[in-house]
Structure formats: structure tokens, C-alpha cells
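Heads up, the thing below is written out as C-alpha cells.
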There are 2 protein chains.
Amino acid sequence: MAADTPRRILDAAADEFAERGLAGARVDRIAERAGANKQRIYAYFGSKDQLFDRVVEDRIEQLLDAVPFDAVDLPGYAVRLWEFNLAHPSLVRLLLWHALERPGEQLAHSVSSHERKVAALRAVRGDDGWPADRLLGQVLALVHGVTLAPGPDPEHVRADLHGAVSRLVG
Amino acid sequence: MAADTPRRILDAAADEFAERGLAGARVDRIAERAGANKQRIYAYFGSKDQLFDRVVEDRIEQLLDAVPFDAVDLPGYAVRLWEFNLAHPSLVRLLLWHALERPGEQLAHSVSSHERKVAALRAVRGDDGWPADRLLGQVLALVHGVTLAPGPDPEHVRADLHGAVSRLVG
DNA sequence: AGTAGCCAACTAACTAGTTGGTTTGCCGTT
DNA sequence: AACGGCAAACCAACTAGTTAGTTGGCTACT
């Protein structure tokens, strides 16, 4: 029937893994959510573990495409990244599961993307003053932290985050 | 024999849960790590789920005792909290697992402790200027973020964290 | 006698992964 | 239009291993 079966499986698996993690997810449930049957999962992705890896890579790519880095406007970038996280809580959960259940495994996409960000930042700000990698680390730490400990009022959080990054940059 | 069997079980369970999470942990493995046998686990703690809750509560208490809040020296508090996290990575993992596998469940200890912190902060800084809860939120966000995305050099991270919180406070 | 503990086997349910047989739509050939 | 092959997909049962939780019988200390 539909030629998009692998896509449907990936999406269903993303939901299931985001909710329950790798160990808690059930292959039968993924098949049911995808409106497909189990053998298709094993035919396309081999195993539960491989499916998990594919899902995480797939979603990371979507994140990196959706929130382009802006070395000139770091506070704006931080806010946009936080907003994306706020709008896609299941992606945040998926990345946390990955960090916990695949300890020490770095994702190729995010590593190379990070290197590009540092280079762009250095090009804009020059080599003097704060090292670019440490500045970027502080900005991302703020975004991650704010994402994990969401304040009650998003408007305040947005303003606070923007202000905090502005102070870091200035 | 030893009357500290419940304690040994709690410690072994903390290790197992920190490594594998609730869904990934195995009761038999906990018993083996504790040098005890399974029935003692069920006799003392009832079920795997209840054991998980007890472990998390137990460790949260240890954290709150080990790192007392200091409303006067927020940068120092932030650094001490980060250092504790750095020295106890398994506790960080345990809390992340708890956040993921028990969504929406707040821990009574940490909620009341948080309220005490906000009150102490308000008492020191007065009601003018930045609201105490938002300031504390920013500080904790920084610590959490730095903990999750550890820079390569701890000395730099320490200095950056101290500086960032100082700028927030000032 | 009673309490805390150990050992080992057991149950009942669950789960990743497999297999056999069947259906459906597509595409080139006749 | 009719035919034959082919790949994607479905259904359902099955295997084999795992796992939370239980039970019964035994030991040791107090």
C-alpha cells in the first residue's frame, strides 16, 4: 500500500521511545502505533536497538535544520533554541534517554554541527577575549538548564534567558 | 547476620538504577550487588517500583544535606552544587531517570527545600529588583546545564560558572 | 521460640525476534 | 485485455529467553 511505511515506523518509534525510553519501549506497541506490523520493523531496521539509533539520528537532524545557528545574535539564538525545545518536549526526552541509555556515545551530526558553531563564533568575535568554545558552552548550558527546569511563566523565562545570554556576550 | 541489610540493598539499588534506570534495572542483579537475596528486597520494600522511589528519596536527602544553601554567596553555592554533581555523577543520572520515568512527580523533599531557598534569598536581598524565585531559577538552570554539558577543563568550567552567576547577581 | 537470613526451584507473564502462508498492487510481456 | 512474476505488506502463531514476584525448606543467632 503506502510507500511511506519506514517513515511511519520512524515517527511511531520516536513517540514510543520518547515516552518510555529504549528499555521501556515495546516493539509490538511501535508496530501498532505505526499501523504496520512487526516484520516490517525488522525488515527495515534490523533490531530494536538499531531502530532507536536511527530514530535519534533522524530527530537530531530535524532539530539542527529547524534552529539555524546565529553567531551574531547569540541571545536570539538561545531563545529560539529554547522555544524549539518548549514546542517539542518529546525531542528533549528522546535526547535525554539517549544520553542515559547510550552513555558516552556522541552523535556525528551534533558533533560536526558544534564544531561549525565554534568556528562561526570565532570568525565573528575574533580570537581576543573569551574563547569561543567556552562562550558557546555557557550559552548552551543556560538553554539546557532552562529547558529542564522550566519556570512557571514562559514570558519571564524568555526575557530572563535573553538577558542572561546578553550579559554573557557583552 | 548484619543488621544493615536494608541499607546495603538501598545502596546496591542506587547503583543499579543509576546505571540502567527503572525499566532497565534487574531485581536479581540488585540482590547480587547487595550480597543479599531477593526475598529480603520484597520483604523490606514491597516491589521494584517502591524500591525505586525509596532510593530516589534517600539520595535526594543526601544531596540536600551535603550542599547547604547559601543565599549570601550564590556564586559559591552554584560552584559547590556543581562540584557535588561532578563528584557524584550517578546521583545526577538517578535524578534524570526519575524525571523521565516518573513524569510529573515532584519529590516532597526537594519541593520544600526549594521553597526554603526562595524565602532565604528574599530575606537577604529584599523584595526590590529581581524576583528571588526567578533568580534562583536562573542559577539552578546554569548549574544543571553545566552539569549536563561538561566542558573539557573543570578549572575553566568552575571559573566560568562562578563568573556567570556573579554577573546574574550583580 | 522467634527473627533474620540464605538457597533454589518455581510460576506466570511478558518480549524480542522468527516463520509460514496469504493478499494486494504494480509492471512489463504477450 | 490477459498473464505471470515480484515485492511490499498483512495476519497469526510460534520459539526461546527473560523477569517480577512467590514459596518451601533450611541455617544461625539471640
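A quick note: this is a predicted structure, and the numbers were derived from the prediction, not measured.
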For this session: Before giving the answer on side chain to side chain contact (heavy atoms under 4.5 Å, CB included), spell out for B:Val143 and B:Thr147 the whole-Å C-alpha distance, their side-chain angles and the decisive distance to 0.1 Å.
Result: CA-CA 6 Å; B:Val143 175; B:Thr147 300; 4.1 Å; yes

Seminar exercise, completed: B:Ile9 CD1 to C:dA4 P, in whole Å, measures 13 Å

Problem set entry | Side chain of A:Asn37 (C-beta onward), nearest among D:dC11, C:dA16, D:dA8 | D:dC11

Exercise. For B:Gly24, which contact category applies under a 4.0 Å heavy-atom criterion: base, sugar-phosphate, or nothing?
Worked result: nothing

Problem set entry | Salt-bridge present (A:Asp15, A:Arg20; N to O < 4.0 Å) | no

For this session: Using a heavy-atom cut-off of under 4.0 Å over every strand shown, decide if A:Gly35 touches base, sugar-phosphate, or nothing.
Result: sugar-phosphate

Problem set entry | Separation of atom CZ in A:Arg20 from atom P in C:dC14, rounded to whole Å | 13 Å

For this session: Would you check if the side chain of B:Asp4 reaches a backbone N or O of B:Arg7 as a donor-acceptor pair within less than 3.5 Å?
Result: no

Exercise. Considering only side-chain heavy atoms of B:Val27, which listed nucleotide, C:dA16, D:dA20, D:dC10, is closest?
Worked result: D:dA20

Exercise. Looking across every strand, which nucleic acid part, if any, lies under 4.0 Å from B:Ala23 by heavy atom: base, sugar-phosphate, or nothing?
Worked result: nothing

Exercise. Hey, does A:Ala43 reach any base, or is it just sugar-phosphate, or nothing, if we go heavy atoms under 4.0 Å?
Worked result: nothing

Problem set entry | Length of the line joining A:Lys48:NZ and D:dT18:P, which is rounded to integer Å | 14 Å

Seminar exercise, completed: Among the nucleotides C:dC6, D:dA20, D:dA9, whichever has the atom closest to the side chain of B:Arg8 is C:dC6

Exercise. Contact class for A:Ala31 vs. all strands (heavy atom < 4.0 Å): base, sugar-phosphate, or nothing?
Worked result: nothing

Exercise. OP1 or OP2 of C:dA4 less than 4.0 angstrom from a side-chain nitrogen or oxygen of B:Thr5, does that happen here?
Worked result: no

Heteroatom pairs (N/O) under 3.5 angstrom, protein to nucleotides 9-12 of chain C:
none

Exercise. Checking B:Arg80 side chain against B:Val67 main chain: does a donor-acceptor pair fall under 3.5 Å?
Worked result: no

Problem set entry | For atom CD1 of B:Ile41 and atom P of D:dA20, their distance in whole Å | 10 Å

For this session: Can you tell me the distance, in whole Å, between the CZ atom of B:Arg40 and the C1' atom of D:dC26?
Result: 14 Å

Exercise. For D:dA7, does either OP1 or OP2 sit under 4.0 Å from a side-chain N or O belonging to A:Tyr44?
Worked result: no

For this session: Could you please name the option among C:dA16, D:dA20, C:dG17 that lies closest to any side-chain atom of A:Arg26?
Result: C:dA16

For this session: Output yes when a side-chain donor or acceptor of B:Arg8 lies under 3.5 Å from a complementary backbone atom of B:Ala34, and no otherwise.
Result: yes

Exercise. Can we say B:Arg134 and A:Asp153 salt-bridge, meaning some charged N sits less than 4.0 Å from an Asp/Glu carboxylate O?
Worked result: no

For this session: Can you tell me the distance, in whole Å, between the CD1 atom of B:Ile30 and the P atom of D:dA20?
Result: 8 Å

Exercise. Does the A:His114 side chain pair with the main chain of A:Ser110, one donor and one acceptor, at a distance under 3.5 Å?
Worked result: no

For this session: Could you tell me whether a side-chain N or O of B:Glu101 sits under 3.5 Å from a main-chain N or O of B:Ala23, the two making a donor and an acceptor?
Result: yes

Exercise. What integer distance in Å separates B:Asp28:CG from C:dC6:C1'?
Worked result: 15 Å

For this session: Would you indicate, yes or no, if D:dA20 has its OP1 or OP2 atom less than 4.0 angstrom from a side-chain nitrogen or oxygen of B:Ser47?
Result: no

For this session: Return the value, rounded to whole Å, for the distance between atom OH of A:Tyr42 and atom P of D:dA12.
Result: 18 Å

